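In what follows, a structure is listed as structure tokens, so that the remarks can point back to it.
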Amino acid sequence: MDKLNRNDSCWCGSGLKYKKCHMEQDKYLEKLSEQYGYKIPRDIIKSQKDIEGIRKSCALTKEILDMVEERITVGISTEEVNKWVHEYTVSHGAYPAPLGYHGFPKSTCVSINSVVCHGIPDEETIIKDGDIVNVDVTCILDGYYGDSNRTFLMGNVSDKARDLVQTAKECLKIGIEQIKPFNTLGDIGFAINQFATSKGYSVVYDYGGHGVGNEFHEEPFVPHIGQKGEGMILLPGMTFTVEPMINEGVPETVVLDDNWTAVTEDNKLSAQWEHTILVTEDGYEILT
Ligand code: MF3
Ligand code: CO
Ligand code: CO
């Protein structure tokens with residue numbers, strides 16, 4: 001990255017002079033980077049304009065999941081869910097981020113039972129009584145991304161599956177509660193892993209949360225395991241997801257021959273919940 005002079009136009013594309021735009025913030029981040037011993041990327045803090053755009057995209061993402069939650073039922077195919085998500089998204093002026101993302105063929109991910117994430121909807125996969133079904137929605141509205149998922153209990157779900165889904169939901173909440181300026185990513189992962197393991201479950205480490213907003217997957221990677229005080233510090237204006245995947249058995253995952261579907265290595269159940277979060281001056285705001 002070239003060093004800018006005060007009168008150059010800012011790297012962020014605002015058209016403003018650097019000194020009137022990101023210069024002070026960049027100096028501050030450089031100082032923090034030195035102090036903490038790792039590079040904090042200058043574009044990890046969103047502008048007010050970007051935050052407004054991300055907020056709108058996240059609101060639509062939430063609305064899409066609410067729509068799915070109302071309609072989803074035993075006996076339909078996962079392709080049916082995909083159609084709902086696709087049509088609702090485009091009819092609200094947005095685009096489904098999964099479609100075509102690194103070749104992903106559908107508009108949403110639907111992951112049932114032992115599928116950890118990235119399940120590909122199709123006509124043949126029918127939702128059955130007792131299934132736990134994760135639907136992951138990401139939309140792009142005016143160029144901004146919102147990303148969220150929920151796991152639905154379909155019909156008569158076993159007590160153990162219900163407990164796993166509830167624990168995954170609590171893991172998300174507990175992780176989010178760690179979010180405030182100058183806490184670290186490690187604080188989030190530590191809290192999640194501690195709670196999940198206290199319940200006898202394991203936490204997936206092959207996948208994690210991620211910066212999100214101007215792109216689908218941005219820095220930083222947000223692990224759901226970790227050590228207190230380790231990893232990148234959190235700063236106001238950062239937007240990222242927390243999306244713990246909690247397993248009934250071992251934490252290891254395997255990707256199927258379709259190159260997307262991630263399943264648990266032992267074929268036991270996995271559950272997940274996801275929100276997009278904004279770090280605020282004194283804590284967090286859940287955007288989805
Ligand atoms: N929405 C997922 C996430 O939470 C990513 C899905 S990538 C896709 O990060 F290509 F499978 F859609
Ligand atoms: Co995500
Ligand atoms: Co997602």
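All values reported here derive from a predicted model rather than from experimental measurement. Every number for a ligand or one of its atoms is a count from 1 in the order of the listing.
When all heavy atoms of Val85 and Thr89 are compared, the pair lying nearest together is O-OG1, 2.5 Å.
Distances between N or O atoms of His118 and those of ligand 1 include no value under 3.5 Å. For the pair Asn149 and ligand 1, the shortest N or O to N or O distance does not fall below 3.5 Å. Looking at ligand 1, you won't find any N or O of Trp260 less than 3.5 Å from one of its N or O atoms.
Using the six-membered ring where Trp is involved, His22 and Trp11 have ring planes that are tilted, between 30° and 60° apart. Ring geometry for His217 versus Tyr101: interplanar angle of 30 to 60°, hence tilted. Classified by interplanar angle (parallel below 30°, tilted 30° to 60°, perpendicular above 60°), the ring pair Tyr38/Tyr36 is tilted.
One distance of note links OG of Ser148 with CG of Asp136; it measures 7.5 Å at 0.5 Å rounding.
Side chains of Asp147 and Thr241: no donor on one and acceptor on the other come within 3.5 Å.
For the Co ion (ligand 2), the tally of protein N/O/S atoms lying closer than 2.8 Å stands at 4.
Residue-environment remark: CD (Glu252) exceeds the threshold of 12 foreign heavy atoms within 6.0 Å.
Contact atoms of ligand 1 toward Thr138: 1 (N) (distance under 4.0 Å to a heavy atom of the residue).
Within the 3.5 Å criterion, the main-chain N or O of Val203 finds no donor-acceptor partner in the side chain of Asn247. When atom types are taken as modelled, the side chain of Asn134 and the backbone of Val110 share no donor-acceptor pair closer than 3.5 angstrom. A donor-acceptor pair under 3.5 Å links the side-chain atoms of Gln272 to the main chain of Glu243, judged by distance alone.
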| task | Start with the C-alpha distance between Glu177 and Lys173, add both sets of side-chain angles, then the distance that settles salt bridge (Lys or Arg N to Asp or Glu O under 4.0 Å), and finish with yes or no. | result | CA-CA 6 Å; Glu177 283 168 355; Lys173 179 166 184 282; 3.0 Å; yes
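Across Glu79, Glu80, Glu123, a single residue satisfies salt bridge (Lys or Arg N to Asp or Glu O under 4.0 Å) together with Lys106, and that is Glu79.
Here atom 2 (C) of ligand 1 lies nearest to Asp136 when heavy atoms of Ile120, Asp136, Thr108 are compared.
Distances from ligand 1 to the non-hydrogen atoms of His210 include at least one value under 4.0 Å. Ligand 1 lies out of reach of Tyr207, whose nearest heavy atom is not under 4.0 Å from it. Ligand 1 lies less than 4.0 angstrom from a heavy atom belonging to His217.
Residue contacts with ligand 1, taken as heavy atom pairs separated by less than 4.0 Å, involve Glu274 solely via side-chain atoms from C-beta onward. Residue Thr241 does not touch ligand 1, judged by heavy-atom distances below 4.0 Å. Residue Pro98 touches ligand 1 through backbone and side chain together, judged by heavy-atom distances below 4.0 Å.
With hydrogens left out, the protein atom closest to atom 7 (S) of ligand 1 is Tyr101 CD2, 3.9 Å, a heavy atom. Annotation: atom 4 (O) of ligand 1 to nearest protein heavy atom, Glu243 OE1, 2.8 Å.
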